[in-house]
Amino acid sequence: MSNLINHPFHLVDKSPWPLLSAFSVMNLVSGLAKWFHTFNMDLVLLGLVTTTFIMVQWWRDVVREGTYQGLHTGMVGVGLRWGMILFIVSEVLFFLSFFWAFFHSSLSPAVELGSSWPPAGIKPFNPFQIPLLNTGILLASGVTVTWAHHAIMENNYSQAFQGLLMTVSLGLYFTSLQALEYYEAPFSVADAVYGATFFVATGFHGLHVVIGTLFLLVCLVRHFHDHFSSTHHFGFEAAAWYWHFVDVVWLFLFISIYWWGN
């Protein structure tokens, strides 16, 4: 609390989690490479367990300093908001590279692709089956998370809980349908540039849906323990911003890759 005496900023305590998470994620990525080449998941499972443990501990520390110690002042909140905005901007540029690769290949398909898009021999998905259903699911989840946000601002505990629970459920439903779509895919990531751009773009979006669902699940648990108020709920706000970003990216994916790309 001595930090608050001289200035409104929060100087974080020394923490082992940034360094440990870096090693843990490196272990996870190395395990993925090993799994792809040797079909051995031991290192992947170890990386998942250690990364999950570190995430829980790190979240616990941030929740403690923001909820119980009162260290997230108004000035700190402004900094957190700008940090989240810049993070989402970096994510926009991340997905922009995938769309660039897709349109570079599809607008002028090479001779090796049969001078056509989709390439010769590729049978694409029907955009008006599972992809359209997933679009409706994500749009509905955007409505429910906004409902939860307004309920929190009005101190309506039950409606905020219901909105968050529905959003998490819709996120899990979306992920299940996309896993089913991948399982039934008539092409693979190795099928020319079409397979590569399709699975990389939609796969990374699916990963972001999983992360966003975890983000909102943590908010649901925190809301259950009365951590949010009408004036102090940036943890939920950040999750809602991230979720809306995921929704918008999916709309671009559906229109360009699933619909126009067919």
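The chain is numbered in sequence order, starting from 1. The basis for the numbers below is simple: all heavy atoms, side chains too, and nothing from hydrogens, waters or symmetry mates.
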Worked verdict on Cys219 versus Phe228 for side-chain contact (heavy atoms from CB on, under 4.5 Å): CA-CA 9 Å; Cys219 290; Phe228 299 134; 4.1 Å; yes
Counting C-beta onward and ignoring hydrogens, is there a side-chain heavy-atom pair between [X] and [Y] closer than 4.5 Å?
X      : Y      : answer
Phe252 : Phe95  : no
Leu138 : His205 : yes
Phe161 : Ser158 : no
Phe224 : Val221 : no
Val44  : Leu48  : yes
Val145 : His244 : yes
Leu177 : Glu181 : no
Trp250 : Leu253 : yes

Hydrophobic side-chain clustering at under 4.5 Å (ILVMFWY, transitive links): who's grouped with Phe53? Put none if nobody. Trp17, Leu20, Ile54, Trp58, Val62
Heavy-atom closest contact ([X] atom, [Y] atom, distance):
X      : Y      : answer
Leu164 : Phe236 : CD2-CE1, 3.5 Å
Ala201 : Ile257 : CB-CD1, 3.8 Å
Gly171 : Trp243 : CA-CH2, 3.9 Å
Gly47  : Leu28  : C-CD1, 4.1 Å
Ile152 : Ala160 : CG1-CB, 3.6 Å
Ser188 : Asp191 : N-OD2, 2.8 Å

Hey, is [atom1] on [X] packed in by over 12 heavy atoms from elsewhere, all under 6.0 Å?
X      : atom1 : answer
Trp147 : CH2   : yes
Tyr173 : OH    : no
Met166 : CE    : no

Hydrophobic clusters here meaning ILVMFWY residues chained together by side-chain heavy-atom distances under 4.5 Å, can you tell me if [X] and [Y] are in one?
X      : Y      : result
Leu96  : Phe254 : no
Phe174 : Leu132 : yes
Val218 : Ile88  : no
Met55  : Met26  : no
Leu216 : Val210 : no

Quick check against the 3.5 Å criterion: does [X] have a side-chain atom that pairs as donor or acceptor with the backbone of [Y]?
X      : Y      : value
His232 : Thr67  : no
Ser21  : Pro18  : yes
His227 : His223 : no

Measuring from atom [atom1] of [X] to atom [atom2] of [Y], what distance do you get when rounded to the nearest 0.5 angstrom?
X      : Y      : atom1 : atom2 : answer
Phe87  : Leu80  : CZ    : CG    : 14.0 Å
Glu237 : His149 : CD    : NE2   : 4.0 Å
Ile130 : Leu180 : CD1   : CG    : 4.5 Å
Leu32  : Met41  : CG    : CE    : 8.5 Å
Asn134 : Ser176 : CG    : OG    : 9.5 Å
Leu220 : His225 : CG    : NE2   : 10.5 Å

Show your working on side-chain contact (heavy atoms from CB on, under 4.5 Å) between Trp241 and Arg81 and close with a plain yes or no. CA-CA 10 Å; Trp241 292 356; Arg81 282 170 171 78; 3.8 Å; yes
Donor + acceptor pair across side chains of Tyr182, Thr202 (<3.5 Å):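 Note: Tyr182 and Thr202 side chains meet the donor-acceptor criterion.
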Walk me through whether Ile211 and Tyr242 qualify under side-chain contact (heavy atoms from CB on, under 4.5 Å). CA-CA 9 Å; Ile211 293 170; Tyr242 187 83; 3.9 Å; yes
For Phe103 and Trp260, I'd like to know if the aromatic rings sit close, meaning centre-to-centre distance below 6.0 Å.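 Ring centroids of Phe103 and Trp260 are less than 6.0 Å from each other.
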Proximity of Phe204 and Phe94 rings by center, below 6.0 Å: yes
When you look at His208 and Glu91, which way does the side chain to side chain donor-acceptor pair (under 3.5 Å) test go after all the steps? CA-CA 10 Å; His208 282 70; Glu91 293 283 88; 2.3 Å; yes
Pick one: which of Tyr194, Tyr258, Trp117, Phe198 meets ring-ring contact (aromatic ring centres under 6.0 Å, His included) with Phe102?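 Among the candidates, only Trp117 passes.
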Does Asp247 form a side-chain contact (heavy atoms from CB on, under 4.5 Å) with Leu139? I'd like the steps, not just the answer. CA-CA 7 Å; Asp247 288 352; Leu139 290 177; 5.6 Å; no
